[in-house]
Amino acid sequence: MADPAVATGASLAVGGRAGGNKAANSPVENYQLARRRTLQVVVSALLTECGFDCAEKAAVETLTEMMQSSRSVPTLSDTVVTLIEMGFNVDTLPIYAKRSQRMVITAPPVTNHPMTPKALSAGQKRTHPPHIPGHYPEFPDPHTYIKTPTFREPVSDYQVVREKAATQRRDVERALTRFMAKTSKTQSLFKDDIATFPLIAAQPSAVPYLGALLPSELELQTLEETDSSEQDDQTDGDNAAGNVMNDDPVVDKENAMLPPGGAIMSTKGSEDNVIDNPYLRPVKKPKVKRKK
Amino acid sequence: MSKKKNRNPKRASEWEIGFRRALHLKLPTRNSDIPTFEFAGTKVGHYFSRVIVECFEEHFRINTLNTTARWDLLCYQHYSTDERRLSWLPDHLSRDNETKMNRKRDKGFESPRPFKLTHQVVCINNINFQRKSVIGYVELTILPTVANLNRIKLNSKQCRIYRVRINDLEAPFIYNDPTLEVCHSDSKQRNLNYFSSAYTAAVSAVDPDAGHGELVIKVPSELWKQGDDSHLLKVYIEFSLDQPKGGLHFVIHDVEGSLAERGAHVFSFGHHNSTRFWFPCVDSYSELCTWKLEFTIDSAMVAVSCGDLVETIYTHDMRKKTFHYVLPIPTAAPNISLAVGPFEILVDPYMHEVTHFCLPQLLPLLKHSMSYLHEIFEFYEEILTCRYPYSCFKTVFVDESYVQVSSYASMSIFSTNLLHSAMIIDQTPLTRRCLAQALAQQFFGCFISRMSWADEWVLKGISGYIFGLYLKKTFGVNEYRHWIKKELDKIVEYELKMGGVLLHPTFSGGKEKDNQTPHLHFSLKHPHTLSWEYYKMFQCKAHLVMRLIENRISMEFMLQVFNKLLSLASTASSQRYQSHMWSQMLLSTHAFLKSISNVSGKDISPLIKQWVDQSAVVKFYGSFVFNRKRNVLELEIRQDYTSSGTQKYVGPIKVTVQELDGSFNHTLQIEESSLKHDIPCHSKSRRNKKKKIPLMNGEEVDMDLSAMDADSPLLWIRIDPDMSILRKVELEQADFMWQYQLRYERDVVAQEEAISALETFPTPASRLALTDILEQEQCFYEVRMQACFCLAKIANAMVSTWQGPPAMKSLFTRMFCCKSCPNIVKTNNFINFQSYFLQKTMPVAMALLRDVQNLCPKDVLNFILDLIKYNDNRKNKFSDNYYRADLLEALTNSLTPAISINNETRTVDNLNADVRLILEEITRFLNMEKLLPSYRSTITISCLKAIRQLQKNGHIPSEASLFRSYAEYGHFVDVRVAALEALVDYTRVEKSSVELQWLLNLVQNDPAPYVRHKILAMLCKNPPFTKTTESTICNEALVDQLWKLMNSGTSHDWRLRCDAVNLYYTLFGLTRPSCLPLPELGLVLNLKEKKAVLNPTIKPELMVGAVIDTPASIGIHGVGLNYPPEEEEPDPISLGVCGVGQPPQGIKRKAETQLGSPPEPGQAVQHQDDDGRVGRYKIRFNMEDEDIDMETVHDSQAFIHHHLNLLERPSTPGKEPAFIEQSTLSMPATPLPSLSKDTLSLPLKHRGEHGHHHHEHKKKKKKKHKHKHKHKHENKDRERGNWHPYSNSPVSGKSLHSPSLSE
């Protein structure tokens, strides 16, 4: 029924029925509307070809829907949707289906299905519920649908938690340092055995005080976590100070590195926010007259 | 400094100043005829008026004026807002009075110079970071104070001087620095007595405090004026500095980017009078002048210097800018400093006049570290009732600093390592202390300067004392008393071990001076000859003595004295055009003591005599018996005043006795004869009654009295509880008394004393007392920490009877571990600092525990390993680096010597299981440091110490290579020092001369001056061998090497040279090192008869300088001239040489021989490869050597002095013989040398010199004509060529004179 080309194209589309009702404004919706319209045309053309003179709108809709979902055979939901569209009440259907005095259709003649080798069977297979005829396919292995929780019960014992955290950290650290030691130059405390206690070789650093004084990123992180409020105050002050003097481009470069002073000043208000500090003053241009 | 708001304006008007000052100077009445007076509409009381007059009198020393005249002056001063308007008066009044005063008061200030410096300009035109060079000029404005000022002596070291002009006239100059090489290199003397006296003489010879200097400038005769002393001279000196080894330190890190991006910076440094290392000046603390400082530097950098930054101007090419500073407050040259670098600028948010500078990227740390500086400012200004004297203040944080804190006029230079973030606990109080110290020195040390070196103690004492007051206020009384006790213990320990520390040495008689301190191997005459440790102790003692004075006269009076000194100085400093008034800004011992007696009316001279004029401390032994019949405590106080470093004390002493009925103070009189003192007791023994016991502080407590002696009401006794004597007390008390003292005495000092006493009483009762203290939250944390270590010692002493778990373990568990699982420590939370410090300390102390096998108990080791394992800092606001470092230290402490079976080599396989665990931890920690470095690398340092300890105990092979790699330049300085310490230890244990050589090589070549100093200091502390021990590394080559190091290798750094001397002393003692072969007889010479008898085995030698081995050579060098000594045989050739100012090459060249390549011992006379001078003989004074070895130091010094004086006069080039008299007359400070027959050769020498000088003069004139235009630097090369004799002189750092400096 469906043109394969169309079908593949349709599979890409994700659209709802409701899309048609509203005025489309986004390009995606536009595209989908246009596409749906084309599909409708295709469906109508096919129907005409098959010899229909006219078709109900609901039928065309259903066919279009099927085509859009790249199906050639209607599914249960298609039927249900169609029934709803036609104005039937489907709520009673399940009850009807489970009625006790229903006619049971005999099993169709069974052709020999190739038996899939029972590779994996876990647990007891579920039997059919009474309303499902026995010739229907069996339930798959339970492992394919049974939900098993992926985590164990959380360990609430404090000691174990600490133990675990400590061991984990130690293992990570050891693995990391061992890795680093393997990939870089090492020193050893023993001449004969370099592998047991590998020490990453001491490398003189270009600016030794920076590493030693500045807090490491890890520490900065904890600092931010513990008192972020304090930090915020600081940055506010900095911004205020930065805004105070921006008139002279020459000074600006100078002042780029001084966010300081303003913290107090900004809180005090605007009446005296000019800090008279000689190091903040602009650098003067040389006097040309004095030039020899 | 005023905080912009919420601070009361302290200087509303001059009037108010007067008022404030008056309120704080309760001077005794001297004149009762002073009327009341009205100031600015306010009626002022009699008392106040009197006070102002006193104040005024004190200031101008006008004692002859009548009351009316005095009032006129007074009104004028206090009404006037412009203090300069007063200038008409004191100008003629005070001049007379001052001279009168000088005559009257023997200790008034007399300038040693025939001129007064009034103003100095320093202009540095270029700082080249690549070449590490500096070019600039200075201009000194001087006012001659004598007629015919014909020569000017200035200080200059290292600088290459291109030209000197006085009032636009070229002036000839001579440069000689005798301290470059103290003794001449071919000397075989090698004994420290000889060196010390020679070094002292060399320093004295250029001592600015005595009016000397390395640079002698002849004033052109056109400028000699008769009697007109308003005539100003402007001395203009162009100089440059190339690769300075002292004075200025360049820090350039080897990374990518421009200099500014690399954080390259340069700053001035030095130990006392070190400004001469970077520009010519009068490098004395007593020569004050105003300053104009100009620095032209890269535009990406900032130049921070003293005084006010007036303006910053770009150069024409806009690539550089010039910083113009003006320092209107008269300041001594040693207080001038400079720091240039790409600093980040932080204006103090509380005080906008204060600016902080740090290296790039450190701004957040700077912000945090400086956030409390304003509090320190406020504190000092409040207690001193005096505003900060300078109009601005700058703090600069630099890398590779020389000391942690150095203070200069209106700025301080700090080590960048003091900066810290908010997460760091341990560094915070240390940094605050440093800041407070720096600021205290701004008032006393920079603003108020010392009159002479002997007065240094006053300034150090006052600044240390007010720093102590800050400590008391900020950190509390407990911390303060703890600090005082620590300082007292330190000085007592030092003096008892090394001999006395003398605060106020007097140098009156030539013979006396060394008798004051015969125990020292260095001279006290100059700050530059002192050992660094001695100087530290000196500072420590100075502030303790100030505290003693406070005890005597009360703190209120003490502060009034300080206020008075500051007021006088600030009045003097505002007399801009009255340079003779400036001496008021100099503080002398005498003026200080006078001020004290004026303010307090008390006589403190016994105290001063005991502690200031005399060295050493007091040692008391106390013991007592309780006499039940008389109900009297019979206390016996004995003194040890015979052993070294002790003195006898006579005077009052306080004894506090805690009895059942309360605490009672008794003042006993220590006298010569009586040792026993009867102290009546107030309470009867009454152990049955249950009653609270009142303590000293009024508190009443319940005590369990079961431990005490039933018959005696005494709980404990304390001798001198207020530490008002510099003493050590050893008191015999029963153990229960110490225990009571520890538990119930509220003074932390008493508690600490009790703890150290309890170490000798390992009983369960002591254990209980200590444990109780440990648990007591209210107890001072330092006491609790000390209790930990004491408990460990007691536990070890009680090892056989000890019950229960290891000491402190259960306590630690209770305090810091989880309730549910006691083997796991809680996650870190260091919000309570007291318990933080305890948490850090307890494991360290616990690890010192030992079981019966003398091993650390398995429990303890596992416990510590668990602490490390479960340490969790994720939720903590603070960094745990110090805590982890201490846990590593605990592991180190747990180590005990390995049991070695037949000396097997240590391998991984035979490693002890415990040690393996420890090693695991160390490896992991050390490796993690590479990835996540800790603050100040504390963990790396602990790891290095642990590894060394493992090596030392024989657990792992002893190896130096690891430490070497950490000791290299490029590691953080603390890490380097820790690694070097390990190396020093290795050197001693393994007797490794290779390592010693490596260390000594670093001493000579390391870029960081602090590290160089530190290596020598550590070698002294942990010497590879001493004079009493035999060692294979002690050999002649080493002696020579060390000798060269102190003789010439360390001339660029006073401190380093003293360190080298110290090391030499530690290794070899005062006399000739025993490993040297006996000196052989080369030549016997009789000076008097000018006869030399040549040893027939010795060949003649081509050599100029003859008598080099005698101390005479020092005198010659001390004079400042470069001619060789020719007392015996004046030689025309060498005279010619000397006139030109060329160094005696024969002598000098020799010094260039490689360090470590000693002359062969048997080689008595060496052939000189010098230019073909006529055959002269090198004469060796072996007999003399022996003589000097045996004689006392002052004998040789007298000898030197004789020669020094002898040669003093010819040092001015080209002067007429007649002129000698004039010059000596004009310098009354210089004693007239006695003319002996040795001086007969002098006129001859002068002739030679003179003739040559004229020659030079002509040359120069021609030169000047040629270059009349203002070519400053283009023609310097040509000038140098022309000025050959001078520019080739040792002025240039690489001259022949300074073998040490050439490469």
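Residue numbers begin at 1 in each chain, while the letters A, B, ... track the order of the sequences. Not measured: the values here are computed from a predicted model.
Heavy atoms closer than 4.5 Å to chain A are found in the side chain of B:Lys930, but not in its backbone. Neither the backbone nor the side chain of B:Gln951 comes within contact range of chain A, judged by heavy atoms closer than 4.5 Å. Residue B:Ile252 does not touch chain A at all, counting heavy-atom pairs closer than 4.5 Å. With a 4.5 angstrom heavy-atom cutoff, A:Gln187 touches chain B only via side-chain atoms. Proximity to chain A (any heavy atom under 4.5 Å) is shown, for B:Leu309, by both the backbone and the side chain. Looking at B:Phe878, neither its backbone nor its side chain comes within 4.5 Å of chain A, counting heavy atoms on both sides.
Counting heavy-atom pairs closer than 4.5 Å to chain A, the top residue among B:Asn417, B:Val973, B:Thr940 is B:Asn417. Contacts with chain B were tallied for A:Leu213, A:Leu214, A:Thr177, A:Asn277; A:Leu213 has the most, counting heavy-atom pairs under 4.5 Å. Among B:Leu919, B:Asn823, B:Val255, the residue with the largest count of heavy-atom pairs under 4.5 Å with chain A is B:Leu919. Ranking B:Thr355, B:Leu926, B:Ile947, B:Leu419 against chain A, the residue ahead of the rest is B:Thr355, based on heavy-atom pairs under 4.5 Å. In terms of non-hydrogen atom pairs under 4.5 Å with chain A, the most contact-rich of B:Arg262, B:Glu968, B:Glu311 is B:Glu311. Highest contact tally toward chain A, considering only B:Cys818, B:Ser961, B:Pro360, B:Gly263, is held by B:Cys818 [criterion: heavy-atom pairs under 4.5 Å]. Of the residues considered (B:Pro957, B:Ser937, B:Pro933), B:Pro957 shows the highest number of contacts with chain A, using heavy-atom pairs under 4.5 Å.
With sequence neighbours excluded, no residue forms a side-chain contact (heavy atoms from CB on, under 4.5 Å) with A:Lys182.
Distance CG/B:Asp866 to SG/B:Cys817: 9.0 Å, rounded to 0.5 Å. The CD atom of A:Glu173 lies 4.0 Å from the CE atom of B:Met928; values are rounded to the nearest 0.5 Å. The structure places OH of A:Tyr209 at 12.5 Å from OG of B:Ser401, a figure rounded to the nearest 0.5 Å.
Checking B:Val396, B:Val302, B:Val398 one by one against B:His265, the side-chain contact (heavy atoms from CB on, under 4.5 Å) holds for a single residue, B:Val398.
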Handout entry: Residues B:Glu921, A:Arg170; criterion salt bridge (charged side-chain N to carboxylate O under 4.0 Å, His left out); working and verdict
Key = CA-CA 10 Å; B:Glu921 296 299 334; A:Arg170 175 177 300 228; 2.8 Å; yes
Exercise for the section: Walk me through it: do B:Asp872 and B:Asn828 pass the test side-chain hydrogen bond (donor to acceptor under 3.5 Å, both in side chains)? Expected result: CA-CA 6 Å; B:Asp872 185 348; B:Asn828 295 342; over 6 Å; no
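Ring centers of B:Phe393 and B:His356: at least 6.0 Å apart, outside the cut-off. The six-membered or imidazole ring of A:Tyr279 lies near that of B:Phe357, with a centre-to-centre distance under 6.0 Å.
Heavy atoms only, all atoms of each residue included: B:Leu944 and B:Phe963 are closest at O-CE2, 3.5 Å. Taking every heavy atom of both residues into account, B:Thr296 and B:Thr322 meet most closely at OG1-OG1, 3.2 Å. Heavy atoms only, all atoms of each residue included: B:Leu346 and B:Leu363 are closest at CB-CD1, 4.1 Å.
When the heavy atoms of residues 198-208 of chain A are compared with those of chain B, the residues falling under 4.5 Å are A:Pro198, A:Leu199, A:Ile200, A:Ala201, A:Ala202, A:Gln203, A:Pro204, A:Ser205, A:Ala206, A:Val207, A:Pro208, listed by number.
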